[in-house]
Enquirer: 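Before I ask anything, here is the structure I am working with.
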Amino acid sequence: MSYRFIDTHCHFDFPPFTGDESASIQGATDVGVQSIIVPATQAANFSRVLALAENYPPLFAALGLHPIVIEQHSDDCLEQLQQALDKRPQKLVAVGEIGLDLYRDDPQFDKQERLLEAQLKLAKRYELPVILHSRRTHDKLAMHLKRHALPRTGVVHGFSGSVQQAERFVQLGYKIGVGGTITYPRASKTREVMAQLPLDSLLLETDAPDMPLNGFQGQPNRPEQVVRVFDVLCELRPEPADVIADALYRNTTALFDF
Ligand SMILES: [Zn+2]
């Protein structure tokens with residue numbers, strides 16, 4: 001039995017995909033990955049990500065300023081984001097990757113919050129969902145999302161946190177991105193969260209080339225690995241596989257409107 005999948009988070013504008021786009025997309029579509037959403041991380045990559053989406057039918061673009069490269073973002077970058085959104089590119093489906101991160105040294109958190117606020121406002125103005133990154137910042141992020149009440153909400157990608165934190169995002173109307181973390185038996189907390197949340201709140205993702213799955217450490221992650229993430233999710237959840245596959249697909253197309 002084969003299903004159709006969408007990788008809602010793949011950094012396809014980075015190696016090993018650069019220069020190997022056609023073969024990489026073929027490898028993914030061969031196992032049922034119909035579409036791949038490519039979130040940009042900084043203004044310098046916006047045109048690359050948009051060009052990928054224009055040139056390859058399975059690819060869709062998101063544009064945003066990622067907190068992990070906070071030092072790369074000048075005020076001019078926000079201006080560039082607004083100008084790019086203003087052109088309403090056909091295959092642009094979200095603002096992202098945006099968010100908060102307290103994992104790294106010198107996080108410049110005030111600047112992170114200022115950029116997040118500005119980008120949430122842009123998402124509202126251009127009626128787009130958001131793709132959110134959050135590490136050690138779930139409560140802060142939830143506060144910002146509550147304040148802005150985006151009509152199209154978004155997804156908290158690569159979620160690892162408590163059931164309570166996940167439920168708070170779900171109550172605010174956000175989806176939760178399920179990735180390779182659940183393939184590690186030691187990630188029992190995240191596995192439990194993904195087993196317990198309502199099925200209609202979940203999306204599949206890889207975060208490729210990052211976040212290699214269990215058994216694939218040291219290798220670049222790839223979009224076709226959503227199928228393995230899906231298989232593990234099916235082991236964790238009570239519903240039959242076809243019901244899960246169908247829900248994940250519909251959750252994704254409904255959120256991103258394609
Ligand atoms: Zn990412």
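Numbering of ligands and ligand atoms starts at 1, following listing order.
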Enquirer: Using a distance threshold of 2.8 Å, state whether an N, O or S atom of His66 lies below it from the Zn ion (ligand 1).
Expert: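 Coordinating: no.
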Enquirer: Is it true that the side chains of Asp30 and Gln26 contain a donor and an acceptor less than 3.5 Å apart?
Expert: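 Short answer, yes.
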Enquirer: So, of the N/O/S atoms that Asp207 has, which is the nearest one to the Zn ion (ligand 1)?
Expert: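 Closest N, O or S atom of Asp207 to the Zn ion (ligand 1): OD1.
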Enquirer: Check Glu97 and report its N/O/S atom nearest to the Zn ion (ligand 1), by atom name.
Expert: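 This residue's closest N, O or S atom turns out to be OE1.
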Enquirer: Can you give me every donor-acceptor pair (side chain of residues 223-234, partner residue at least two apart or in another chain, under 3.5 Å) with its distance?
Expert:
{"from": "Glu224", "atom 1": "OE2", "to": "Arg222", "atom 2": "NE", "distance (Å)": "3.3"}
{"from": "Gln225", "atom 1": "OE1", "to": "Arg228", "atom 2": "NE", "distance (Å)": "2.9"}

Enquirer: How about CD on Glu127, more than 12 heavy atoms from neighbouring residues, nucleotides or ligands closer than 6.0 Å, or not?
Expert: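 No, the 6.0 Å shell around CD holds no more than 12 heavy atoms from other groups.
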Enquirer: With carbon and hydrogen excluded and only N/O/S kept, which atom of His11 is nearest the Zn ion (ligand 1)?
Expert: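 Looking only at N, O and S atoms of His11, the one nearest the Zn ion (ligand 1) is named NE2.
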Enquirer: Does the side chain of Thr206 pick up a donor-acceptor pair with the side chain of Asn221 at under 3.5 Å?
Expert: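 Result is no, nothing qualifies.
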Enquirer: N/O/S atom of His133 under 2.8 Å from the Zn ion (ligand 1), yes or no?
Expert: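 Under 2.8 Å: His133 has no N, O or S contact with the Zn ion (ligand 1).
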Enquirer: Under the ring pair (Phe, Tyr, Trp, His ring centres under 6.0 Å) rule, collect the residues that match up with His11, sequence neighbours excluded.
Expert: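 So His11 forms a ring pair (Phe, Tyr, Trp, His ring centres under 6.0 Å) with His9.
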